Participant: 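Got a structure for you, written out below as structure tokens; questions coming shortly.
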Amino acid sequence: MGFRFFRNDGGAMSKLLIDKHSHHVQPVETWQHALSNVVTDPIELCQLLDLNPTQVFSAKKATDQFPLRVPRSFIERMKKGDPNDPLLAQVLPLGVEMSDVAGFSDDPLQEQAVNPVPGLLHKYHGRVLITLTGACAIHCRYCFRRHFPYPDNTNRQHHWARLCDYISSDRCIEEVILSGGDPLVLKDHHLAAFIAELEKIPHLKRLRIHTRLPIVIPERITDHFIDLLKATRLRVVVVIHCNHANEIDESVILKLESLANSNIMLLNQSVLLKGVNDHSDALINLSQTLFRANVLPYYLHMLDPVSGAAHFQVSKEEALALMKKLKQNLPGYLVPRLVQEVPKELCKVSILE
Ligand SMILES: *Cc1c(COP(=O)(O)O)cnc(C)c1O
Ligand code: SF4
């Protein structure tokens, strides 16, 4: 990590370093600075939000298990003084995460069985999911990846040959999904080099990128990055991950607009989370706000039963009642599909009445 100099310096130091060395080193891009300058201390997070930090002391174990990590611009979208803010609830470690709950486990999706090459999951027909990095800009408490011991070497280029050999050998594979971790924490030259390898595989048609970066660090969507996506022969789909309309501010809308204007298809997936978006008003507002930003709702996921996340669970009955309200209040194209990931199933399973 070359950016550790820049952590917790309030911005002044990083400016100095960049100015001083600007003739010798590549300038650190704004988004890279935002990525290294994330808040990792729960007490600092509380102070930024005018909240009493005593509430987080009980959560030390939860923080040790899965550290707090949240970009500053995402914090700026939280409401000060509100301990129940829906954005805060997604990132704040709580003591309750450490209780064992029946049915919740460390690897609820049993993905080892569909992992033919390190960093590649081939679970569904015609598409493979690739993890180029285990790193994320933000740590979401409900994430099933919270227990994954990702090695730091997942983006080493010598793995790429094995990934591409696997894809080349199966002509049914038409789509590569970059997921993670978050693929957009990688720098453009890494992504471009990998996409160039993929382009050599004649049967590949689509490239899908699952990322939370356009939401949590919108500066990541640079003109250079957009040019990179425009240059590929593959049809590009970007699936963002947004759970609440408050996550979308004008800076996010502008960046999503630039992607949409470049013929990149934009979809959103959310997770249905108690205390975040388990109200029909919140979900309706989310769909409408996404549409304003050129994004169509794709999936609304039921929570994966990962240990530490049970307090986010919404029952199937409640979920179906919410879906009914969405269907009654929104055009069909703004209603996401309610799905659940089920081990060994050949697609995401729709939850229907
Ligand atoms: C979710 C997922 C996909 C993509 O499924 P879609 O229904 O096409 O969005 C692909 N592979 C894996 C392993 C997944 O979990
Ligand atoms: S993989 Fe996605 S949901 Fe999980 S911690 Fe990273 S950004 Fe959050």
Side-chain angles (χ1 to χ4, degrees), residues 35 38 40 65-71 74 87 89-93 97 107-117 119-148 150 154 167 170 172-186 205-217 220 235 237-244 247 265 267-273 276-277 296-304 306 308-309 312 336-350:
L35 186 61
V38 291
T40 54
Q65 187 196 65
F66 188 49
L68 173 81
R69 187 173 174 85
V70 50
F74 194 74
L87 276 53
Q90 297 177 47
V91 297
L92 185 68
E97 292 174 23
D107 182 16
L109 304 184
Q110 298 164 32
E111 286 187 331
Q112 318 87 305
V114 289
N115 192 191
V117 178
L120 182 145
L121 293 178
H122 192 183
K123 192 171 172 185
Y124 302 145
H125 179 81
R127 49 228 198 270
V128 291
L129 188 149
I130 288 179
T131 302
L132 290 179
T133 173
C136 291
I138 185 168
H139 282 174
C140 314
R141 308 310 297 176
Y142 52 83
C143 182
F144 74 92
R145 300 198 183 270
R146 61 182 288 160
H147 300 284
F148 274 40
Y150 282 112
T154 33
I167 300 165
D170 183 349
C172 295
I173 300 171
E174 296 193 331
E175 177 167 348
V176 164
I177 302 171
L178 300 184
S179 182
D182 197 312
L184 294 198
V185 304
L186 299 180
K205 296 187 176 137
R206 297 181 300 275
L207 172 69
R208 196 192 317 181
I209 302 177
H210 278 243
T211 174
R212 201 145 157 62
L213 264 287
I215 296 289
V216 301
I217 304 182
R220 174 65 185 91
R235 181 78 211 283
V237 181
V238 171
V239 182
I240 62 167
H241 175 172
C242 175
N243 297 313
H244 193 282
E247 293 173 43
M265 167 138 198
L267 302 171
N268 178 61
Q269 58 173 355
S270 313
V271 183
L272 184 55
L273 299 166
V276 175
N277 57 14
L296 286 180
Y298 180 40
Y299 283 142
L300 177 61
H301 286 268
M302 296 293 284
L303 182 75
D304 292 317
V306 56
F312 286 117
R337 280 156 256 193
L338 181 67
V339 291
Q340 175 131 44
E341 193 92 49
V342 180
K344 302 190 180 72
E345 288 287 343
L346 297 177
C347 60
K348 311 225 187 275
V349 176
S350 292

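Remember, it's 1-based here, ligands and their atoms both numbered in the order they're listed. Numbering of residues begins at 1 and proceeds along the displayed sequence. Predicted model only: the values in this text are computed from it and were never measured.
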Participant: Taking all atoms of both residues into account, what is the closest heavy-atom pair of Val276 and His244, and its distance?
Facilitator: O-CD2, 3.2 Å
Participant: Just let me know how Glu341 lines up against ligand 1, side chain, backbone, both or neither, with a heavy-atom cut-off below 4.0 Å.
Facilitator: side chain
Participant: Heavy atoms only, cut-off 4.0 Å: how does Arg208 contact ligand 1, side chain, backbone, both, or neither?
Facilitator: side chain
Participant: Could you pull out the closest heavy-atom pair between Asn277 and Leu273, with the gap in Å?
Facilitator: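 Shortest heavy-atom contact: OD1-N, 2.7 Å.
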Participant: Should the ring pair Tyr142 and Phe312 be called parallel, tilted or perpendicular, given that the plane angle runs from 0 to 90° and is split at 30 and 60?
Facilitator: perpendicular
Participant: Which atoms from ligand 1 have a heavy atom of Tyr298 less than 4.0 Å away?
Facilitator: 6 (P), 7 (O), 8 (O), 9 (O)
Participant: Using a strict cut-off of 4.0 Å, indicate which atoms of ligand 2 neighbour a heavy atom of His241.
Facilitator: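 Selected atoms, number and element: 3 (S).
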Participant: Among protein heavy atoms, which lies nearest atom 10 (C) of ligand 1, and at what distance?
Facilitator: Tyr124 CD1, 3.4 Å
Participant: List the closest protein heavy-atom neighbour of atom 13 (C) of ligand 1: residue, atom name, distance to the nearest 0.1 Å.
Facilitator: Lys123 CB, 3.8 Å
Participant: Check whether Arg127 reaches the backbone of His125 with its side chain - one donor and one acceptor, N or O, closer than 3.5 Å.
Facilitator: yes
Participant: Of the backbone atoms (N, CA, C, O) and the side-chain heavy atoms from C-beta on, which set of Cys136 has a member under 4.0 Å from an atom of ligand 2: side chain, backbone, both, or neither?
Facilitator: side chain
Participant: Among Gly134, Cys140, Cys143, which one puts a heavy atom closest to atom 8 (Fe) of ligand 2?
Facilitator: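 That would be Cys140.
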Participant: Between the main-chain N or O of Arg141 and the side-chain N or O of Arg146, is there a donor-acceptor pair closer than 3.5 Å?
Facilitator: yes
Participant: Heavy-atom distances under 4.0 Å are what count here, so tell me which part of Val128 touches ligand 1: side chain, backbone, both or neither.
Facilitator: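 The answer is neither.
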Participant: Under 2.8 Å from atom 6 (Fe) of ligand 2, is there any N, O or S atom belonging to His139?
Facilitator: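 Within the cut-off used here (under 2.8 Å), His139 places no N, O or S atom near atom 6 (Fe) of ligand 2.
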Participant: Should Arg212 and Glu247 count as an ion pair when the cut-off is N to O under 4.0 Å?
Facilitator: yes
Participant: Once rounded to the nearest 0.5 Å, what's the spacing between atom NE2 of His210 and atom CD1 of Ile240?
Facilitator: 11.5 Å
Participant: Which of the numbered atoms in ligand 1 are below 4.0 angstrom from a heavy atom of Ile177?
Facilitator: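 Here the atoms of ligand 1 in question are 3 (C), 4 (C), 10 (C).
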Participant: Between the main-chain N or O of Val306 and the side-chain N or O of Asp304, is there a donor-acceptor pair closer than 3.5 Å?
Facilitator: no
Participant: Taking a cutoff of less than 4.0 Å between a non-hydrogen atom of the residue and any ligand atom, is Asp182 in contact with ligand 2?
Facilitator: no
Participant: Take Ile177 and Leu121 through the test side-chain contact (heavy atoms from CB on, under 4.5 Å) and record every step on the way to the result.
Facilitator: CA-CA 10 Å; Ile177 302 171; Leu121 293 178; over 6 Å; no
Participant: Which ligand 1 atoms are under 4.0 Å away from a heavy-atom of Arg127?
Facilitator: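 So the atoms of ligand 1 that pass are 5 (O), 6 (P), 7 (O), 8 (O).
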Participant: Looking only at protein heavy atoms, identify the closest one to atom 7 (O) of ligand 1 and say how far it is in Å.
Facilitator: Tyr299 OH, 2.6 Å
Participant: For atom 1 (C) of ligand 1, what's the nearest protein heavy-atom neighbour? Residue, atom name and distance, please.
Facilitator: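 That would be Lys348 NZ, 1.5 Å.
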Participant: Give the residue, atom name and distance (to 0.1 Å) of the protein heavy atom nearest atom 12 (C) of ligand 1.
Facilitator: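 Closest protein heavy atom to atom 12 (C) of ligand 1: Leu129 CD1, 3.6 Å.
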Participant: When rounded to the nearest 0.5 angstrom, what distance separates OG in Ser350 from CD in Gln340?
Facilitator: 11.0 Å
Participant: Around atom 7 (S) of ligand 2, find the nearest protein heavy atom and jot down its residue, atom name and distance.
Facilitator: Arg212 CD, 3.7 Å
Participant: Could you please spell out the steps behind the side-chain contact (heavy atoms from CB on, under 4.5 Å) verdict for Leu267 and Tyr299?
Facilitator: CA-CA 9 Å; Leu267 302 171; Tyr299 283 142; over 6 Å; no
